[in-house]
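I have placed the structure first, in the form of C-alpha cells, so that the comments after it can refer back to it.
What's counted below: heavy atoms across the whole structure, side chains too, no hydrogens, waters or symmetry copies.
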Amino acid sequence: MTGPRTPTARRVVRGRARSAAVAVFAVLVATVPAASGAAGASGEQKVDTALPYVCLFPSGKDSVTVRISAAFPERVAAGEPIEPADVATAVELPEPAVADLTKLGAAGVRAATRLDVGVAQGEATAEATWRGSSEPAALPPTGPLTLTATGDVPSVTGRSTGELTMTARDFALDLAPATADGGATDPASVTVDCELAEDAPDGGRLVGVRVGTDEEGGTDSPSGSPSGTPSASGTPGPAGKDPAGRRDGRAPKVAEPGPGGGGAAGRAAPTCKYDEKYPAGPMSLNAYITGYSNVNKLDGAALIPPFCTLITQGEPQFVFFPDYSGATITQHSTADLYHRQRKQTPPFEATFLTFDFTPTTATMVLEQTGPMTIDSHGTTDFVFTSTDTYVRAPLVLRVTSLKVNGTPLDVGTKCRTKTSLVSPEPDPAKHPGDHVVLHGRGEQTTGQPATGYLLLSGGPLTGKVTIPAFTGCGTAGGEDLDRLLTASVSGPGNYVKQIQGQTCFVSADVLNPDECTEDAQPRKIPVAER
C-alpha cells in the first residue's frame, strides 16, 4: 500500500511544444484493445463467494473478507466472449479502518474497487481488471462498515476448446471520504491495497466456463494446450445498465478506413478536418466519437453515428509529492463538435414505440451552445498512472423531422429542447449552468496498453442526462407538438455511453500514419457499444 500523500506546492508547467507533452505523457499514451462480439452462451451459473484478504490500511495491516457475486454462462462457443453479469463486490472495512477515516474529519465515504482476475485456459493465461463503485455510505460511530461496489467488467474470450477459469487475485480500494457538508477531506482519497490470503479456498478460483460445443470437443477440463491465448478486453463503465438494457464493459471496437485509406471517400464517418473557419493550432487534435443514449420513457436507445470533435490539448501541470516518488497531473483542454463548419453532430435518426405501441421516427441533431471542456486529473509514480477525465458540454437536442405511425408531422425549424441536456455535476460551484457531463477513467503501466479512457487514445465515456421539455415544435396554424415530444421523450436518468476513437495529432511535423489519414483526418473510427 502507498499511504496518503499530500503533494508539495512545487508546480511544473509544460510548454506548448508537442515533444515535451509527449515525453511527459509517455505513460498515458496507448492503444485501446479491441472488443469481441456478443457471446452465444448456454445456460447460466451464479457465483457468490467470500474470499479472505490482507489489506494495508493507514492504521496497519488487517484481515478483511471480500464477497464477490456474478453470473456467467455455463458454456460458450470457441472464439466468443464470456461476459460476466450482475457483478458486485462487497468488502467490510474493519473498525480501525473506519476510525482512520473519522480522524480525517469524514462523515461518509464512497469507494472505487479494483479486482485483478487471472484468466487461464490450458497453458494460456491473461489478466483482467474488474472495477466497481459504491454508493456513498455514512460512517458508523463504532464498528465496521460494509461497502458494496457494482459496475461493468471486461469480457474474456477463449480461443480454443476446453475449460476457461477465472481466479481472483489482488484487490484494491480507492476510498473517497467526505465531510458532513459534502466537502473533501485532506487528503481527498485513500488507497488501500490488499493481497489474497494464502488460505483462500481453491486459491481464489471464481468460476470455470466450458468453451466449445460437444461437437467441437469442449470438455469440463482443459484438453491440451490451446491454440491461442484467452484475451481480456474492455473497461468498466458505471453501475447500471447500458443503452441496450444489459451490462457490458467492452473497449471500443475500431473500424479501419476502406481501401485507399487516406481521404474521406468510402469512410463510414463524416469529414473531420480543420479548415479556414476552424484552423489548427500548435496543439490541435481531432477524433471521432459515437455511441448510444437511452430514452427511458421510450424504453429504447438512440444511436448517435460517428461525429467529429476538434480538440485543443492543454498544458499538463504537475505537482510533485514531497519525496518526488510521484506527482499529481492536471490538464485542461477544450473542444468543439464539428459538422460542415457548425458546432453540431450530423443528423441522426431513431425509431421508438411511443406509448408502447405507436412507431415514431425522429431525425435529430445535437447542437453545442457554449464552451466544451475536457478536464483530466490523475496521479503517477512514473510507472503506473491513473486518470479521471470529465467532458462537459452544453448541448441542445434539435428535432428536424418527425413521423408518427408513418405519417409526417411538420415540426418546423425551431423544434428543440428549452435548455441544454443536463447531467449531475460533481463540482457545481466550479462548473455552473446546464450541461452534459461524461466521465472516463484510464490507467496505464509503462510499456503496457492502457485501459479505459485517455484523451489521446480514446475509450468509453459515460454519464446520465435529463432531457428537458421541448419548445418551438410545430408551425403557425398547425399542430402544437411541444406537449407530444415532452410527454414522450423528456425526463431524467437517461444513460449515455459514448466511445471516442484514437486522436490524430494534426499539428505534428509528420503525421503518424497509425493515427491520421494523409489528409489529417482521424484514421480510427470507433464503433458504438451497447
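L366 contributes atom CG, which lies 5.5 Å from atom CG of L397 (distance to the nearest 0.5 angstrom). The structure places CG of D186 at 8.5 Å from CG of L104, a figure rounded to the nearest 0.5 Å.
Considering only heavy atoms from C-beta on, T49 comes within 4.5 Å of L206 through its side chain. Annotation: side chain of D375 is not in contact with side chain of H377 (no heavy-atom distance under 4.5 Å). Residues T462 and K497 have side chains in contact (heavy-atom distance under 4.5 Å, counting atoms from C-beta outward). Contact check for P94 versus V64: side-chain heavy atoms found under the 4.5 Å cut-off. T385 places none of its side-chain heavy atoms less than 4.5 Å from the side chain of T446. In this structure, K524 and E515 have side chains that are not in contact, with every pair of non-hydrogen atoms separated by 4.5 Å or more. Contact annotation: the side chain of T89 never approaches that of W130 to less than 4.5 Å [non-hydrogen atoms, C-beta and beyond]. Between E425 and V422, every side-chain heavy-atom pair lies at or beyond the 4.5 Å cut-off.
A donor-acceptor pair is defined here as one N or O able to donate and one able to accept, closer than 3.5 Å; no such pair exists between the side chain of R169 and the backbone of L196. In this structure a side-chain-to-backbone donor-acceptor pair under 3.5 Å is present from S420 to L395. Although no hydrogens or angles enter the test, the distance criterion places a donor-acceptor pair under 3.5 Å between the side chain of S134 and the main chain of A111. The closest donor-acceptor contact from the side chain of S333 to the backbone of G314 lies under 3.5 Å. Judged purely by atom type and a 3.5 angstrom limit, Q331 has no side-chain atom pairing as donor or acceptor with the backbone of Q313. A side-chain donor-acceptor contact under 3.5 Å links Q444 to the backbone of Q448. Side-chain atoms of Q502 come within 3.5 Å of backbone atoms of L456 as a donor-acceptor pair (strictly under, hydrogens ignored). Without hydrogens or angle criteria, Q500 side chain to G459 main chain gives no donor-acceptor distance under 3.5 Å.
With sequence neighbours excluded, no residue forms a ring-ring contact (aromatic ring centres under 6.0 Å, His included) with F348. Scored by the ring-ring contact (aromatic ring centres under 6.0 Å, His included) test, F171 finds Y53 as partners (sequence neighbours excluded).
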query = Step by step, would you call K46 with S69 a side-chain contact (heavy atoms from CB on, under 4.5 Å)?
reply = CA-CA 7 Å; K46 294 187 177 181; S69 60; over 6 Å; no
request  = Take V66 and T113, measure what side-chain contact (heavy atoms from CB on, under 4.5 Å) needs, and give me the verdict at the end.
outcome  = CA-CA 11 Å; V66 178; T113 61; over 6 Å; no
request  = Give the C-alpha distance, both sets of side-chain angles, the deciding distance and a yes or no for side-chain contact (heavy atoms from CB on, under 4.5 Å) between M372 and H435.
outcome  = CA-CA 9 Å; M372 179 176 173; H435 52 265; over 6 Å; no
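The existence of a salt bridge linking R114 and D174 is confirmed by a sub-4.0 Å separation between a basic side-chain nitrogen and an acidic carboxylate oxygen. We find that R392 and D427 are not joined by a salt bridge, their nearest charged nitrogen and carboxylate oxygen being 4.0 Å or further apart.
In this structure, F318 and F320 have parallel ring planes: the angle between them is below the 30° cut-off, well short of the 60° mark.
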